[in-house]
2 protein chains.
Amino acid sequence: MIHAAGITKELPLGQHVIHALRGVDMDIYSGEMIGIVGPSGSGKSTLLGIIGGLDTPTQGIIEIDGVNITRMNEDQLTEIRNEKIGFIFQFFNLIPTLTALENVALPIQFARKTRYQPEKRARELLTSLGLPDRLNHRPAELSGGQQQRVAIARALANNPPLLLADEPTGNLDTESGAAVLQALEQIRAEFGTTIVIVTHDRELASRADRVLHLVDGRMVEDEKLKPE
Amino acid sequence: MIHAAGITKELPLGQHVIHALRGVDMDIYSGEMIGIVGPSGSGKSTLLGIIGGLDTPTQGIIEIDGVNITRMNEDQLTEIRNEKIGFIFQFFNLIPTLTALENVALPIQFARKTRYQPEKRARELLTSLGLPDRLNHRPAELSGGQQQRVAIARALANNPPLLLADEPTGNLDTESGAAVLQALEQIRAEFGTTIVIVTHDRELASRADRVLHLVDGRMVEDEKLKPE
Ligand SMILES: Nc1ncnc2c1ncn2[C@@H]1O[C@H](COP(=O)(O)OP(=O)(O)OP(=O)(O)O)[C@@H](O)[C@H]1O
Ligand SMILES: Nc1ncnc2c1ncn2[C@@H]1O[C@H](COP(=O)(O)OP(=O)(O)OP(=O)(O)O)[C@@H](O)[C@H]1O
Ligand SMILES: [Mg+2]
Ligand SMILES: [Mg+2]
């Protein structure tokens, strides 16, 4: 599903260059649930953004389903992202002027193949994540963990084959976090979705098939948790 | 240090009213470390904002050090907040155009009694939280957990007698989170700072003297963890 080779990311800052990623190689197979863990600042969000085609590496290639996305232009990337990738951002990136329902319905309205009825699908997803009575709230009228769950619902809107989640439970209590994990496991069981989760939550990481350990921009360990 | 009686908060939304807090009573004594836990959406951030004088209750009173802040005007509140209260926001609220160093130095420059040399104090705090080489980064040039630590350093800048922290470790790995907890315990041991921490992190909550449980806008339990 995902093949990454020699991924480096250099971020110039004033006189310095920050080496956010220093040559990362990674293969993720279709239908796997992968955890990515590592210290704060180790490059997890940067790596996820590159895998998701939201950012380009300084060096290296990324292939999604065998297609090299590293040299694509913005239009091609936008199409791949809309059709194939659901992204849960570390700080949600919800549209502040839209309600929870409108935020989740938006990607469905943009999809080329409209498989779902936008508002109905948005309502179902938000209800399944515990927010049936917050549909008409805008992000500023929601708690931190409620915003996070709207961001999760939005990423699931088009039922993408690849789901990239950056700290999806950071603002959730144990029960809400367990409900999110259960929703992800159910999607994977039903649709074979490939799920990559960056997390500091050990409980969540322990449910992955494999956990990739990132330290200071390098992948230092690929830990298999479950027998194949 | 803090006396809260009958705190309610009603938030009008369209035709409805959201009852974020439904009559909360609470007493917090000087030098205590208090945890506030509860499900996502239960009213923790709303309560913390009212205690910190950033928001007014619909009903009820809040006294800080015996002074009723509920009917103060904005100027009086600003002065109390600058002199007495350090606030760590759930989403940091860093100033995007300032560097990490400038964000932390700012409250020191605003303090009426300048006890510290702003830049020196900011540098020390950021270094103690693991960010010695990120002083000149602006928030957008920092990882999620690095931004969180800048927000913590900023709240500690004037060494306030009362520290209010909303999910201070949500974006931190276990080691960075432990370093934050250690810094808070050290401050309390050295200065007798009163610390109120909203958290979903059970490890962090278990280190408090008492844990207050909030459910659906009500305080349902006041759990003493340590013998007085
Ligand atoms: N401006 C607003 N208008 C209407 N309702 C609001 C507004 N802000 C918050 N709420 C609602 O008030 C309730 C309490 O919100 P609050 O942010 O205090 O919860 P919380 O306990 O901090 O949750 P979390 O753990 O997810 O951060 C939530 O159900 C939320 O939807
Ligand atoms: N625009 C930028 N310019 C310079 N350095 C940056 C920029 N964005 C991020 N960095 C640096 O790159 C490194 C990797 O950041 P990244 O956000 O990927 O970390 P992370 O592993 O997601 O951390 P966290 O767990 O705290 O979210 C960090 O040290 C950060 O300071
Ligand atoms: Mg990150
Ligand atoms: Mg909150």
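In what follows, chains are A, B, ... by sequence order, proteins preceding strands, each numbered from 1.
In terms of heavy-atom pairs under 4.5 Å with chain B, the best-connected choice from A:Gln148, A:Glu141, A:Lys44 is A:Glu141. Chain A forms the most heavy-atom pairs under 4.5 Å with one residue out of B:Gly43, B:Gly145, B:Ser42, and that residue is B:Gly145.
No donor-acceptor pair under 3.5 Å is formed between the side chain of B:Asp173 and the backbone N or O of A:His200.
Proximity to chain A is limited to the side chain of B:Ile18, based on heavy atoms less than 4.5 angstrom apart. Heavy-atom distances place both the backbone and the side chain of B:Leu172 under 4.5 Å from chain A. Both the backbone and the side chain of A:His137 come within less than 4.5 Å of a heavy atom of chain B. For A:Thr174, the part lying near chain B is the side chain, with the backbone staying farther off; criterion is any non-hydrogen pair under 4.5 Å. Contact of A:Ser143 with chain B is made through the side chain alone, with heavy-atom distances under 4.5 Å. For a residue to count as touching a neighbouring chain, one of its non-hydrogen atoms must lie under 4.5 Å from one of that chain's; by this rule B:Arg138 does not touch chain A.
Using non-hydrogen atoms only and a strict 4.5 Å limit, the part of residues 175-188 of chain B facing chain A consists of B:Glu175, B:Ser176. Among residues 89-100 of chain B, the residues having any heavy atom closer than 4.5 Å to a heavy atom of chain A are, in sequence order, B:Gln90, B:Phe91, B:Phe92.
Annotation: the span from A:Glu203 atom CD to B:Arg202 atom CZ amounts to 9.5 Å, rounded to 0.5 Å.
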